[in-house]
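Atom set for the values below is all heavy atoms of this structure, side chains included, hydrogens, waters and symmetry mates excluded. In this text, all values refer to a predicted model and were calculated from it rather than measured experimentally. Letters A, B, ... are given to chains in the order of the sequence lines, protein chains preceding strands, and every chain is numbered from 1.
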Protein chains: 2
Amino acid sequence: MLITNRLSLLHRFLTIFFIFISISSCALSGRPPRFLGNFAKPATHRKTLPSHETRYFDQRLDHFSFRGDAKFKQRYLISTEHWAGPAQMAPIFLYCGNEGDIVWFAENTGFIWEIAPAFGAMVVFPEHRYYGESMPFGSRDEAYKNASTLAYLTSEQALADFAVLVTSLKRNLSAETSPVVLFGGSYGGMLAAWMRLKYPHIAIGALASSAPILQFEDIVPSETFYDIVSQDFKRESSRCFDTIKKSWDALEVEGQQPNGLKQLTKAFRLCGELKSTGDLNNWLESAYSSLAMVNYPYPSSFLMPLPGHPIKEVCKRIDSYPEGTSVLERIFGGVSVYYNFTGEVDCFQLDDDPHGMSGWNWQACTEMVMPMSSSRNSSMFRTYDYDYTAFKLWCLEEFNVEPRPNWITTEYGGHDYMTTWREFGSNIIFSNGLLDPWSGGSVLKNVSDTLVALVTEEGMAF
Amino acid sequence: MLITNRLSLLHRFLTIFFIFISISSCALSGRPPRFLGNFAKPATHRKTLPSHETRYFDQRLDHFSFRGDAKFKQRYLISTEHWAGPAQMAPIFLYCGNEGDIVWFAENTGFIWEIAPAFGAMVVFPEHRYYGESMPFGSRDEAYKNASTLAYLTSEQALADFAVLVTSLKRNLSAETSPVVLFGGSYGGMLAAWMRLKYPHIAIGALASSAPILQFEDIVPSETFYDIVSQDFKRESSRCFDTIKKSWDALEVEGQQPNGLKQLTKAFRLCGELKSTGDLNNWLESAYSSLAMVNYPYPSSFLMPLPGHPIKEVCKRIDSYPEGTSVLERIFGGVSVYYNFTGEVDCFQLDDDPHGMSGWNWQACTEMVMPMSSSRNSSMFRTYDYDYTAFKLWCLEEFNVEPRPNWITTEYGGHDYMTTWREFGSNIIFSNGLLDPWSGGSVLKNVSDTLVALVTEEGMAF
């Protein structure tokens, strides 16, 4: 297979991103887990992109019905700098844009840019509809107005966008014989794998990094995500794990005291006064989950400026306080590594979703229903069971939409994938690092000779 | 493969139907070809069905967006009489309902009922949305009101209906391990093949009879359909072929005479006065195309009561008039075999689309854009080139909808199918008789060991 030649490059160069989905476990407050797509670009860390053009494609809003002909402008970045052209049947590397600004993804996806010259490949980064500049109805405000305008934010429509775009590109360039190779990470990795499964006539293969395509229904245990996060902490220090596990009760007890919330506001240096311990819980849990997703062995600034091995650093801080230091003081020291590594923060804002309605939340409330729970023993988070009913109510309240929890496996499969995908799937590489909490919902074993799992035991998201 | 065991039964028992699409070639009148789904059931020829139940399934109107939760009742026939049950992993035979009343299809699909007992198979006949009783918006009138209500009459939605229905059925019967085998003919055969390609995790294989899935864009020559019809006549008698080929001019000349249309009305025993020769052309061409589709070697009454080898009978009639008989008289005698074999017709009605808006016409005007032309030399029909622009204008006028002529190949593939489908497709039998005019757009060569073509040289649609 075309892309296997360069597989050895994968672990060296692959710097593609992943979803930053922070899941707040909210059993105590009765709220369902929240998925937050947080893609604010740290302006100070902009990377420069190789030579490319930004273009816009008139994309159909609804590929699967004929209710009007509404279109929107889909943004895509294209680089033909190294393309060897149609006569050479030179490949097209298609990045499956996911839930964020495509420029940010292109900046953080070194691997594709890195290997394109060696393959004489064209590079195309189409943006996912409803993210970045690719807004139906003319603007983000209009697109995110209500359930009727958000209705076309689905994975099937996004895959059809990619299919129509690349088919049109190939036709215009007389490049019908150029093979298309898909790339993607996290949700984008799911899209890459699904696209190879559903549009194999359009793409000859896919590299799906850190793609939890099995995190649906009961295919994998619902506690796997938080168990892996917890395990990432425990392997650094079981004392650290224990401290975090104990901290939830300590927080709750403190919150119940007269002036308890005031005390917590002060202890955690919050900018605004704490209204309930729930908000603080979410903030802490979000930090731990995110740390597990960016636990690189080298300093990075993907989500936050962080040292190498940040979980080790967090635990070192938590463990190193003198005997007698309170649990909450230790915890605060720990998460400060995540939220304030540069030491520049005066006070902390808990509200981490400034945009209001989030595209990923909509997707989670419609198709991307990923059951999540936190187990009593193996998780350092608060214990909670997956509660679909509560989740559904939250979605109805938030978006006036009812989730379809069985749709993804009906449309794309997943149950018994070791037998079903083996039979008809091919040319997909599922790449995962076992330290990445999303690896639990990914394909970690070879399904066949051409559906292969690349697993890095002590590896991160890619 | 499961269904190959009984393949020898295929040509003996397979009496499944096909589309009755009459294509009127209208180059002279400037109108594009029309596709007419004509499924009036001849009440006198009702067949009795094996034991089954009629049920209704709450189906989502739009599977691919979240614009509301509108549902409709999808009718399906189900027979578990011979099903060996989930413990035996006994198969489910799923007929892909096409553009008509599902009862009529079930009555005319002997093969499935015939082989089900030998396989211990459940038999399910789901009706295609917007046909028969499976009407969105409560009634046919409402469903066919305008482009907005018809919008969800697409092949993708129909496939998703089948996928959701059979997944739900299997769950309710704890029959998750029962393999699903698809069956279908003509458009239904296209659906069966496409479903195996797009939902291979749901169906392990498909028998696609007489399924012109290559009749799109320029995959096969656009003249193939009319060439095969013409060839079917020529092989019976080249004199007959010549007479029909000459008749169009003769008709036109007669129509131009003073009182010409009156004379034609009389000569062809029409009930209403002829307004243009175009209507008569359509009526004649429709008869020839239909005859080619039901040219069985035995008497049949599928579309019309007909003798065995009806084209031979038509040509015998055309050729047997005494020397000096006019071309038009011969032609009238010929088509009378089709329109009046029983001799019971007093006068002929040209209007063959009493229902007004036709579901198949909508599908032809949206996704099912099949280029058709009639060649100067090899066709006995009037010469005309495929005129997409005229077709598009007709669709805008008729339905206020613009076709998407490249969508089917984008969604399902087709170009370079010998290489692309070979790589990832499997377990599809494409069954065709070469006398069937739709065979020209079908898969007639083995693509691989598991994508096989069953071709009967002197065979009909099944």
Q: Could you tell me the separation between the CZ atom of B/F162 and the CG atom of B/L169, rounded to the nearest 0.5 Å?
A: 12.5 Å
Q) With respect to chain A, which residue among B/G414, B/A151, B/G68 yields the maximal number of heavy-atom pairs within a distance under 4.5 Å? A) B/A151
Polar contacts chain B-chain A (donor-acceptor, d < 3.5 Å, no H, no angle):
residue	atom	partner	partner atom	Å
B/H63	O	A/R404	NH1	3.4
B/H63	O	A/R404	NH2	2.5
B/F64	O	A/Q157	NE2	3.1
B/F66	N	A/A151	O	3.0
B/A151	O	A/F66	N	3.0
B/Q157	NE2	A/F64	O	3.1
B/R196	NH2	A/E423	OE2	2.7
B/K198	O	A/K198	NZ	2.6
B/K198	NZ	A/K198	O	2.6
B/Y199	OH	A/E411	OE1	2.6
B/H201	NE2	A/T410	O	2.8
B/H201	NE2	A/G413	N	3.2
B/R404	NH1	A/H63	O	3.4
B/R404	NH2	A/H63	O	2.5
B/T410	O	A/H201	NE2	2.8
B/E411	OE1	A/Y199	OH	2.6
B/G413	N	A/H201	NE2	3.2
B/E423	OE2	A/R196	NH2	2.7
B/E423	OE2	A/N427	ND2	3.3
B/N427	ND2	A/E423	OE2	3.4

Q. So what's closer than 4.5 Å to chain A heavy atoms on B/V164: side chain, backbone, both or neither?
A. both
(Q) Set out, in order, the CA-CA distance, both residues' side-chain angles and the distance that settles side-chain contact (heavy atoms from CB on, under 4.5 Å) for A/L207 and A/V181, then state yes or no. (A) CA-CA 8 Å; A/L207 172 56; A/V181 181; 5.9 Å; no
**Q.** Step-by-step side-chain contact (heavy atoms from CB on, under 4.5 Å) determination, A/L159 to A/L191
**A.** CA-CA 7 Å; A/L159 294 186; A/L191 292 176; 3.8 Å; yes
(Q) I need the minimum non-hydrogen distance between B/P403 and B/V369, along with the two atoms involved. (A) CB-CG2, 3.7 Å
**Q.** Where B/V220 and B/G441 come nearest, the two heavy atoms and their spacing
**A.** CG2-CA, 4.1 Å
Q) Of the non-hydrogen atoms in A/A193 and A/I213, which two are nearest, and what is the gap between them? A) CB-CD1, 4.2 Å
Q: Might you work through the side-chain contact (heavy atoms from CB on, under 4.5 Å) test for B/I428 and B/L197, ending with a clear yes or no?
A: CA-CA 9 Å; B/I428 305 178; B/L197 291 172; 4.1 Å; yes
Q.
Below 4.5 Å, heavy-atom pairs only: which of B/G413, B/G425, B/P200, B/A163 has the largest tally toward chain A?
A. B/P200
